[in-house]
Q: 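Following this message is one structure expressed as structure tokens.
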Amino acid sequence: MRNFAILLCLICAGYYGWDAFCDWLELPEESYVANNQTKKADEIFPSAMKNITPVKNIQSYIEEQRLNAQQKAKVIEQQEQIKQTQEDEAEEKPVETVAALPVIKPQLPENNSAQDQSALCFKLGPLSTRNLPAINRSIEAFGLLEAVRVESVLSADSYVVFTIPSTTSKGARALANQIRRQGYPSAKAVDSGPLLNAVELGRFKSEEQAQDYLQSAQQKLKMNDLRVTRLIGSPTNQVNLIFGAVTEQQAAALKKLAAQHKQSLQKCDF
């Protein structure tokens with residue numbers, strides 16, 4: 001109980017003694033309150049917020065920002081125009097021509113030159129494909145297998161007088177029958193190749209013969225659909241054996257091979 005009384009006395013002394021202490025320091029109470037409010041304001045609004053000023057006129061602020069954006073856009077546009085002008089000027093400048101460097105022709109070793117001069121090319125044939133297995137064994141025995149290549153023998157080119165192809169094979173056969181009845185017994189419908197469903201009237205070795213035949217057929221048949229074309233020869237059952245870059249020693253062996261199989265041997269014409 002005694003301690004409680006002492007505590008109450010201390011509280012009262014502190015409460016009433018504060019005013020006396022302020023008077024003694026000549027510190028007015030309003031200043032004390034203002035200092036407390038400032039301190040609380042500092043605590044509520046950080047120091048970073050002090051420099052923010054409110055916008056007094058919103059419309060003026062918006063107009064100012066719009067003008068700033070236009071000025072920035074204008075500056076960017078001017079920079080782009082200057083850059084484009086510089087690129088155009090660079091393209092218009094004449095390109096300086098650089099003198100071509102002299103091409104140095106490589107010099108082949110002497111042994112390669114001698115080998116090229118002694119290299120020969122021969123053609124064996126034409127021979128039937130049925131004889132290839134036997135001749136191939138002889139080529140291997142003479143050591144010429146790596147120097148040979150096979151070349152197909154084509155039939156001679158020909159010039160064909162024909163009609164424009166029909167859409168169907170039935171139409172081509174009907175037209176061929178009609179042409180045969182008018183005095184062209186060799187007319188036939190084409191059933192394969194590039195002239196499929198056309199009617200072939202004749203085949204010739206020279207273009208002059210084909211053109212004469214065409215003019216005659218046009219007058220007699222009264223047809224404007226006749227044409228002349230050249231057909232490349234087709235492969236036959238014969239081939240040529242080409243021996244390229246053979247030496248004198250290999251050429252002698254090749255002559256023996258041709259004589260053994262009774263085949264024609266001649267130098268290449270290309």
Q: Please say which of T236, L127, T129 ends up in a side-chain contact (heavy atoms from CB on, under 4.5 Å) with V153.
A: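 Per the side-chain contact (heavy atoms from CB on, under 4.5 Å) rule, the option paired with V153 is T236, out of T236, L127, T129.
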Q: Enter the distance from K188:NZ to R180:CZ here, rounded to the nearest 0.5 Å.
A: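 Interatomic distance, K188 NZ to R180 CZ, rounded to 0.5 Å: 11.0 Å.
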Q: OG of S166 to CG of L196: how many Å apart, nearest 0.5 Å?
A: 10.0 Å
Q: Is there a donor-acceptor contact under 3.5 Å from the side chain of T163 to the main chain of D225?
A: no
Q: So which atom in G143 and which in Q250 form the shortest heavy-atom distance, rounded to 0.1 Å?
A: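 Taking G143 first and Q250 second, the nearest heavy atoms are O-NE2, 4.3 Å.
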Q: Tell me whether L154 is reachable from L241 by hopping between hydrophobic residues (I, L, V, M, F, W, Y) whose side-chain heavy atoms are closer than 4.5 Å.
A: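 No, no single cluster joins them.
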Q: Are the side chains of P194 and L231 in contact, using a 4.5 Å heavy-atom criterion?
A: yes
Q: Could you tell me whether a side-chain N or O of S155 sits under 3.5 Å from a main-chain N or O of S234, the two making a donor and an acceptor?
A: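 Side chain of S155 to backbone of S234: a pair is present.
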Q: For the residue pair L124 and A258, what are the closest heavy atoms and their distance?
A: CD1-CB, 3.7 Å
Q: Using modelled atom types only, decide if a donor and an acceptor are shared between the side chain of N197 and the backbone of A172 within a distance under 3.5 Å.
A: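 Not at all, since once roles are kept as given, no pair shorter than 3.5 Å links the two residues.
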Q: So H261 and S138, side chain to side chain contact (heavy atoms under 4.5 Å, CB included) or not? Walk me through it.
A: CA-CA 9 Å; H261 292 274; S138 299; 2.7 Å; yes
Q: Any side-chain heavy atom of I179 within less than 4.5 Å of one from V199?
A: yes
Q: Locate the shortest heavy-atom distance separating A251 from L120; write the atom from each residue and the value.
A: CB-CD1, 4.2 Å
Q: Verify the cluster assignment for F162 and V228: are they in a single hydrophobic cluster under the rule of side-chain heavy atoms below 4.5 Å apart?
A: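 As far as the 4.5 Å side-chain criterion goes, V228 and F162 are not connected within one cluster.
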Q: Does any part of the side chain of Q182, heavy atoms only, come nearer than 4.5 Å to the side chain of L221, both counted from C-beta?
A: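 Yes, their side chains come closer than 4.5 Å.
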Q: Are K256 and F142 side-chain neighbours, meaning at least one heavy-atom pair lies under 4.5 Å?
A: yes
Q: Provide the closest heavy-atom pair for A176 versus A189 in the form atom of the first, atom of the second, distance.
A: CB-N, 3.9 Å
Q: One pair to check against side chain to side chain contact (heavy atoms under 4.5 Å, CB included): I164 and L226. What are the steps and the verdict?
A: CA-CA 7 Å; I164 294 177; L226 295 177; over 6 Å; no
Q: Nearest 0.5 Å, what's the CD-OG distance between Q211 and S206?
A: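 Here the rounded value is 10.0 Å.
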Q: About how many Å separate CD of Q209 and CG of L214, when rounded to the nearest 0.5 Å?
A: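 Answer for the CG-CD pair, L214 versus Q209, is 13.5 Å.
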Q: Apply side chain to side chain contact (heavy atoms under 4.5 Å, CB included) to residues D212 and F204 and explain how you reach the verdict.
A: CA-CA 11 Å; D212 293 341; F204 305 90; over 6 Å; no
Q: With distance as the sole test, does Q219 use its side chain to make a donor-acceptor pair with the main-chain N or O of S216 at under 3.5 Å?
A: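 No.
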Q: Tell me whether S186 contacts the main-chain N or O of L201 through its side chain, where contact means a donor paired with an acceptor under 3.5 Å.
A: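 Yes: the side chain of S186 pairs with the backbone of L201.
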Q: Angle class for the Y213/Y184 ring planes (parallel below 30°, perpendicular above 60°, tilted otherwise)?
A: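 Because their plane-to-plane angle is over 60°, the rings of Y213 and Y184 count as perpendicular.
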Q: First locate atom CG of N136, then atom CG of L144, and finally report the distance between them rounded to the nearest 0.5 Å.
A: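 Rounded to the nearest 0.5 Å, the CG-CG separation comes out at 11.0 Å.
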Q: Just wondering, are more than 12 heavy atoms of other shown residues or ligands nearer than 6.0 Å to CG in N237?
A: yes
Q: Rounded to the nearest 0.5 Å, how far does CD of Q249 lie from CG of L254?
A: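 CD of Q249 is found 13.0 Å from CG of L254.
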Q: How close do I135 and L257 get, heavy atom to heavy atom, and via which atoms?
A: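 Heavy atoms of I135 and L257 come nearest at CG2-CD2, 4.3 Å.
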Q: Check this for me: Q218, atom CD, are more than 12 non-hydrogen atoms of other residues, nucleotides or ligands nearer than 6.0 Å?
A: yes
Q: Sub-3.5 Å donor-acceptor pair from the side chain of S128 to the main-chain atoms of N131, do we have one?
A: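 Absent.
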Q: Measuring only between side-chain heavy atoms, which start at C-beta, is V239 closer than 4.5 Å to P126?
A: no
Q: Evaluate the criterion side chain to side chain contact (heavy atoms under 4.5 Å, CB included) for residue pair V246 and F122; output intermediate values, then yes/no.
A: CA-CA 8 Å; V246 296; F122 291 93; 3.9 Å; yes
Q: Does the side chain of T229 come within less than 4.5 Å of V161's, by heavy atoms?
A: no
